[in-house]
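Comments concern the structure below.
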Amino acid sequence: MVDYDFKKIEAKWQKKWEKDKTFHVTENVKKKKYYVLEMYPYPSASFLHMGHVRNYTIGDVYARFKRMSGFNVLYPMGFDSFGLPAETAAKKEGIHPKTYAEGSIKKITEYLKALGNSYDWERTLASHEPDYYKWNQFFFIKMFEKGLAYRKKAPVNWCEKCQSVLANEEAEGGKCWRCGEEVVKKDLEQWFLKITAYADKLIEDLNKVEWPEKIKTMQVNWIGKSDGTEIDFEINNERWKVFTTRPDTIYGVTFLVISAQHPRLMDLVTKEKKKEVEGFLKKLKSASEKEFADMEKEGVFTGSYAINPVTKEKLPVWAGNFVVADYGAGMVMAVPAHDQRDFEFAKKYNIPIKTVIIPNKEAIKPDETISKMLLEIKRVNELMQKNKIKVWFNGTFGVIGHYNKIFIKPRDVDFGVLEKDYEKAKKLLLGLGYSKIEEKENEKFKHTSYKYGDLILEVGTFDHDLGNEVANIKGISYPIPNAKWLAECYEITKTKERRQGRGDDVLASLLNIISGNISEAVTEYGILVNSGDFNDLTSDEAKEHITNFLELKKLGKKVTQYKIRDWLISRQRYWGTPIPMIFCDKCGVQPVKEKDLPVLLPEKVDFSVSGNPLNSNKKFVETKCPKCNGKARRETDTMGGFMDSSWYFLRYCDNKNKTKPFDNKKVNYWMPVNQYIGGAEHAVMHLLYARFFIKVLKNLNYVNFDEPFTKLFNQGIVYKDGAKMSKSKGNVVYQTDISDKYGIDTARLFLMSVSSPEKQMEWSDEGVQGSFKFLNKLHTFVSGIKKFGKVSDKLDSKVNKAIKEVTGDLEQFSYNLAVIKIRALLESLEKEDSFDKKSIEALLKLVHPFAPHISEELWEKLGNKPFISLEKWPVYDEKKINSKFDEEEKVVEKLSSDINNIIAIIKERQNKSPTKVFVYTLPQEKNLYSDNLRELEKKTNLTVKVYAVNDKDKHDPENKAQKTKPGKPAIYLE
RNA sequence: GCGGGUAUGCCGGAGUGGUCAAACGGGACAGACUCAAAAUCUGUUGGCUUAGUGCCUACGAAGGUUCGAACCCUUUUACCCGCACCA
């Protein structure tokens, strides 16, 4: 077989599509719309690699599928051409960013077109064009008027390498998202967009979209809403606010910690402590951002004391490195018993730890009696240990020993000792002031009861070896008993199971809880102890009550805190949308008048100066105040690129509008985007900003929907040699590497068939050949068809089933499974010698989304008019799908493999080559096999004869027929 | 540390309670075609065993639920991704 001429075919159809504007769409109210969109790329002059190809193909397959399914599909493509990368690339090449961007757009457009994607190129856009960014400025002013854009001095993230500030979202883990440079904090006056005003709505509306849970969670976490209580602590006769989500632990507060970065820290530091605090701060300052994050919790006492508003206790105020200055109030109440950070801090500086929560509501509550008893146990334990007697406390607290169940309100102290120590132990107890009540003995155990005050104490012999053995078998070991363990023990008693454990472990655990000598903070909710009037409440109840109490006394209130900060939009760079603001000494900050938009980005600037090149253009900077017409200065900061990407999908709907950002009728027809496709890395950046932007636009009456992207699909990353395919890693396979050799259809088909699109995939050079083979096979098969005939019911069933399954798979992005079914269909068709045109057409249509060029070509070859791209997706007929055929096939398959198996054995053992097969079936199964006689002969290469077992004239010299079973015919070979 | 995900045969990857020694593709091996190779076609590809049967071992590891588990539960290990001192 000669490889099909993919080069010619692909060029031919790409040209035809372009000339015909096949994929151009307009609003059509009679047709249901569907908007498929891939995140628009940042244009670079280099070739697309397989990661890109995969991404765009995922979208194109879907767009083509939906288009054929009868939707009016909007599938546009544009370019995110503003931004720092263009500026740096331009600098490197010594050309103007504009030249660079436009050159890149030209190149990348060419590459994108070579993919054969069904984009509507009439609707393209590029964010650096004044026609586009004019509207960035327009919206900015609208937001400014609504108070949603404002200027403020704040500590912001600064990237030294990029010479610009970054939004919080762009400072990933303290590093610049683009260049990886350490981010430093700087106090600067900057423009912000008030995304925080929409924080609740941004969380709430997530349930209106069908997005991967992961992305939703990431957004929720990023917004970081937490309900809590703001509590006033009095320090030096002044009230200081503290935010907490755990007001139920207020009785456990043993100190306060103020952030080392808190602007008013020094107000709290007493004269005596000043030097010490300053030394501490100095040390922190010298640490880099990263070291800072890894640093151990450290602090220094400020010398001041706070008054707990509920208990009136006096609490030391510390300055600490682990408190974030710009979250909450920048100061926290520390509850070491119930917060791990506070715990570590308290341990380090020897601050008291006070337990006020017992984790499980029904777990052991150390009341007075129990405390007394525990102390008694402790006394006994110590005495026994001193005398080298090993003790196992049985059934006292928790699950102890090897047969006892936990009980909640213990009445007696019960323990076991080894038989050899028994008498000695008894004596020791008497020495402690115990009085004997009763002594028992049976063949297994000895047992004595004592009285001590109102306590009962029992001592018995304990089968040490047995206990150990059981424990060993179960492999249970709790080196550090803790509250979690106890809670677990309690859970076990509820299920009536038995559990082994060491008595002294439990004892230690309980004593720890009572004495505050715990090994880790208990952070789970539970019931309150040591909490005055609030004792015995559950954490949830206590939060409510304590907050109410504080509100009543005007010492605190319920508040909601968010982690998300306002969106920092200004950048000190050239290549972006100029912020349309003017500073006038008289009138202050003034927006540029709408009629004067756009504020054009001047091309003539000096790139050699440090800082923002825009400052070098006097004509740009010096302007007049729009209000008083006096001398004024233009804002030289530009907008971050995420402004551009926050609404570009709206502009696609009406990209040539000169008078408005878009016509809202058009936007309301096409929007929201039904299927958005892009990488997960934008989860808390672009995807969050765009949602915010749409909410603002809805409030301003520009759009009538809440969410821009109904469905979101995150494609998996393409790997090669174990690393993400990327230019910087040098493990790139370019589009042309494959398309030159096999054609772009092969590349598309392969990328879609190796694994499901949302999973990461490993690139394989060999694997591509499989897809190429398939397309060759398809080409040979379809172009070799001489004439059409009738379809068998069997084939018809297969065709219909394939349509059904492929349709379902495409709908769910299970492209890889769809491809498998298409392969199987071609195989079945190849086997037949008669089929109708409709079946072949169906096959081509199923193939089409994956391999659009070859399917167009073959479609034409069948004598059809172009374009298959605009043809109707095949419809299946459920009635024609008959599982009987599948079963038949299986049965035949099995029988022929049995026959082949026997042939192999005969050949090897008897060195004979049989030529005839006699098959003996049950009478009712005879037709099943005789109907498929030809199939059987083909598979076995022998003459086949089928008999029913009761056929009188059957040829059966070795009487094999008696071996016949239902579904398993007997076989004789000769 | 917290949250999410993944783990399947030589490899890539389907499969989420019986029809599973496990789709499909790649690779390897054998056969057909050919002077030969490539392409193409056919078959084999966990082990033992057998005129087509049967048995064992296997879906990261260990337990458990079930008549029955690659699939459900628990624990655990490794890798990937996200967040990271958020009170």
Side-chain angles (χ1 to χ4, degrees), chain A residues 1-3 172-174 212-215 217-218 220-222 224-226 228-229 242-246 249 257 259 292-297 320-324 326-335 338-342 344-345 474-475 523 561-564 680-681 683-684 714 716-717 719 722 724 750 753-756 758-771 773-774 776-777 780 814 816-817 819-824 827 830 887 890 894-906 908-910 914 938-939 941 958 960 963 965 968-973:
Chain A
M1 190 202 284
V2 179
D3 294 345
E172 295 173 338
E213 278 312 308
K214 191 186 160 192
I215 305 286
T217 315
M218 278 168 76
V220 171
N221 290 344
W222 185 262
K225 180 179 180 170
S226 56
T229 307
V242 149
F243 175 74
T244 181
T245 52
R246 293 294 302 271
T249 61
V257 190
S259 168
F292 196 80
D294 297 339
M295 224 187 256
E296 208 185 310
K297 284 149 197 52
N321 65 349
F322 69 97
V323 178
V324 180
D326 58 359
Y327 181 79
M331 178 148 72
V332 299
M333 56 177 234
V335 187
H338 304 292
D339 182 281
Q340 191 56 28
R341 287 156 311 179
D342 299 347
E344 284 167 32
F345 195 87
K474 289 274 180 181
T523 51
Q561 280 286 339
Y562 299 92
K563 273 198 258 181
I564 193 170
E681 68 270 21
V684 293
N714 292 129
I717 295 166
Y719 284 74
K724 182 179 170 175
F750 173 66
S753 58
V754 264
S755 86
S756 46
E758 75 275 11
K759 284 200 178 162
Q760 63 171 59
M761 67 167 272
E762 177 74 26
W763 175 262
S764 137
D765 284 324
E766 293 80 45
V768 190
Q769 288 167 21
S771 299
K773 274 188 212 166
F774 172 77
N776 266 316
K777 212 162 132 182
T780 314
S814 305
N816 53 331
L817 302 183
V819 172
I820 287 165
K821 281 149 200 170
I822 294 168
R823 277 175 183 275
E827 230 162 76
E830 274 182 321
E887 277 162 35
K890 255 188 215 163
K894 211 175 165 203
L895 179 60
S896 53
S897 92
D898 280 351
I899 294 170
N900 283 332
N901 201 351
I902 302 168
I903 293 172
I905 290 165
I906 292 180
E908 204 186 276
R909 304 248 166 106
Q910 307 173 12
K938 221 166 128 190
K939 289 210 157 161
N941 252 331
E958 290 188 16
K960 293 277 184 197
K963 286 198 164 182
K965 282 180 203 159
K968 261 184 214 160
I971 299 161
Y972 173 68
L973 291 170

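Naming: A, B, ... by sequence-line order, numbering from 1 per chain.
Between A:Ile717 atom CD1 and B:C81 atom P the separation is 8 Å, expressed in whole Å. Distance, A:Lys960 NZ to B:U53 P: 13 Å, rounded to whole Å. Atom NZ in A:Lys214 sits about 11 Å away from atom C1' in B:U6, given to the nearest Å. With rounding to whole Å, A:Met761 atom CE is found 12 Å from B:G25 atom C1'. Taking atom CZ of residue A:Phe774 and atom P of nucleotide B:G26, one finds them 12 Å apart after rounding to whole Å. For A:Arg823 and B:A14, the CZ to P distance is 15 Å, given to the nearest whole Å. Atom P of nucleotide B:C80 and atom CD of A:Glu681 are separated by 18 Å, given to the nearest angstrom. Going from atom CD1 of A:Ile215 over to atom C1' of B:C81 covers 10 Å, rounded to whole Å.
Counting only distance, with no hydrogens or angles, the side chain of A:Thr244 and the backbone of A:Arg246 share a donor-acceptor pair below 3.5 Å.
Among the atoms of the strands shown, only primed sugar atoms or phosphate atoms (P, OP1, OP2) are found under 4.0 Å from some heavy atom of A:Leu817. Across all strands shown, A:Lys821 has no heavy atoms under 4.0 Å from either base or sugar-phosphate atoms. Using a 4.0 Å heavy-atom cutoff across all strands shown, A:Thr245 reaches sugar-phosphate atoms only and no base atom. A:Ala970 comes within 4.0 angstrom of a nucleotide base, judged by non-hydrogen atoms across all strands. Residue contacts shown for A:Gln561 are absent, as no nucleic acid heavy atom lies under 4.0 Å away. Contacts of A:Ser753 with the nucleic acid, taken as non-hydrogen atoms under 4.0 Å apart, are absent. The residue A:Ile899 sits apart from the nucleic acid: no heavy atom pair falls under 4.0 Å. Across all strands shown, A:Val323 has heavy atoms under 4.0 Å from base atoms, whether or not it also approaches the sugar-phosphate. Residue contacts for A:Pro212: at a heavy-atom cut-off of 4.0 Å it reaches no nucleic acid atom on any strand shown. Contacts of A:Val754 with the nucleic acid, taken as non-hydrogen atoms under 4.0 Å apart, involve only primed sugar atoms and P, OP1 or OP2. If you check every strand for non-hydrogen atoms under 4.0 Å, A:Gly224 touches nothing.
In this structure, of B:A87, B:C80, B:C24, it is B:C80 that holds the atom nearest to the side chain of A:Gln760. The side chain of A:Met218 sits closest to B:G82 out of B:A14, B:G82, B:G25. Minimum atom distance to the side chain of A:Lys777 is reached by B:C41, of the listed B:G3, B:C80, B:C41. With distances taken from any side-chain atom of A:Glu762 to the nucleotides B:G12, B:C80, B:A51, the minimum falls on B:G12.
Judged by closest nucleotide on RNA chain B, A:Ser755 is the one of A:Gly767 and A:Ser755 placed further toward the 5' end. If A:Asp342 and A:Asn816 are placed on RNA chain B by their nearest nucleotide, the residue sitting closer to the 5' end is A:Asn816.
Here A:Lys773 does not reach the OP1 or OP2 of B:G25: none of its side-chain N or O atoms lies under 4.0 Å away. Here A:Thr217 does not reach the OP1 or OP2 of B:G82: none of its side-chain N or O atoms lies under 4.0 Å away. Between A:Gln769 and B:G27 there is a side-chain N or O to OP1 or OP2 distance below 4.0 Å. A:Ser771 has no side-chain polar atom (N or O) that falls below the 4.0 Å cut-off from OP1 or OP2 of B:G25. For A:Tyr327 and B:A87, the shortest distance from a side-chain N or O to OP1 or OP2 is below 4.0 Å.
Look at the P atom in both B:C83 and B:G12: the space between them is 28 Å, to the nearest Å. Between B:G60 and B:U6, the distance separating the two C1' atoms is 11 Å to the nearest Å. Nucleotides B:A21 and B:A28 have their P atoms positioned 28 Å apart, rounded to a whole Å. Comparing B:C2 with B:C24, their C1' atoms are spaced 39 Å from each other, to the whole Å. Nucleotides B:G17 and B:A7 place their P atoms 16 Å apart, quoted to the nearest Å. Distance check on atom P: B:A32 versus B:A37 gives 11 Å, rounded to whole Å. Remark: the separation of the C1' atoms in B:U44 and B:G9 is 15 Å, to the nearest Å. B:A51 and B:A61: their P atoms are spaced 35 Å apart (whole Å).
The aromatic rings of A:Phe322 and A:Phe345 sit tilted relative to each other, their planes meeting at an angle between 30° and 60°.
Across all strands shown, B:A14 remains unpaired; no Watson-Crick or G-U wobble contact has both distances below 3.5 Å. Figure legend. B:A36 is base-paired to no nucleotide; pairs are counted as Watson-Crick or G-U wobble with both atom distances under 3.5 Å. Base-pair partner of B:A23: not found among the strands shown (Watson-Crick or G-U wobble, both distances under 3.5 Å). Figure legend. B:U74 is base-paired to B:A62; pairs are counted as Watson-Crick or G-U wobble with both atom distances under 3.5 Å. The partner of B:A51 is absent, by the rule that a Watson-Crick or G-U pair needs both atom distances under 3.5 Å. Of the nucleotides present, none pairs with B:G9 by Watson-Crick or G-U wobble criteria with both distances under 3.5 Å. With a cut-off of 3.5 Å on both pairing distances, the Watson-Crick or G-U wobble partner of B:G31 is B:C41. In this structure, B:G3 and B:C81 make a Watson-Crick or G-U wobble pair, each of the two defining distances being under 3.5 angstrom.
Side-chain contact between A:Trp222 and A:Lys563 is absent, with no heavy-atom pair separated by less than 4.5 Å. Contact check for A:Ile215 versus A:Val684: no side-chain heavy atoms found under the 4.5 Å cut-off. Looking at heavy atoms from C-beta onward, A:Lys894 lies out of side-chain contact with A:Pro969 at the 4.5 angstrom threshold. For the pair A:Ser259/A:Tyr327, no side-chain contact is recorded, criterion being any heavy-atom separation below 4.5 Å from C-beta on.
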Start with the C-alpha distance between A:Glu762 and A:Val754, add both sets of side-chain angles, then the distance that settles side chain to side chain contact (heavy atoms under 4.5 Å, CB included), and finish with yes or no. CA-CA 9 Å; A:Glu762 177 74 26; A:Val754 264; over 6 Å; no
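Note that CE of A:Met218 and CD of A:Glu213 are 13.0 Å apart. Values are rounded to the nearest 0.5 Å. Here the straight-line distance linking atom CD1 of A:Ile902 with atom CD1 of A:Ile971 works out to 4.0 Å at 0.5 Å rounding.
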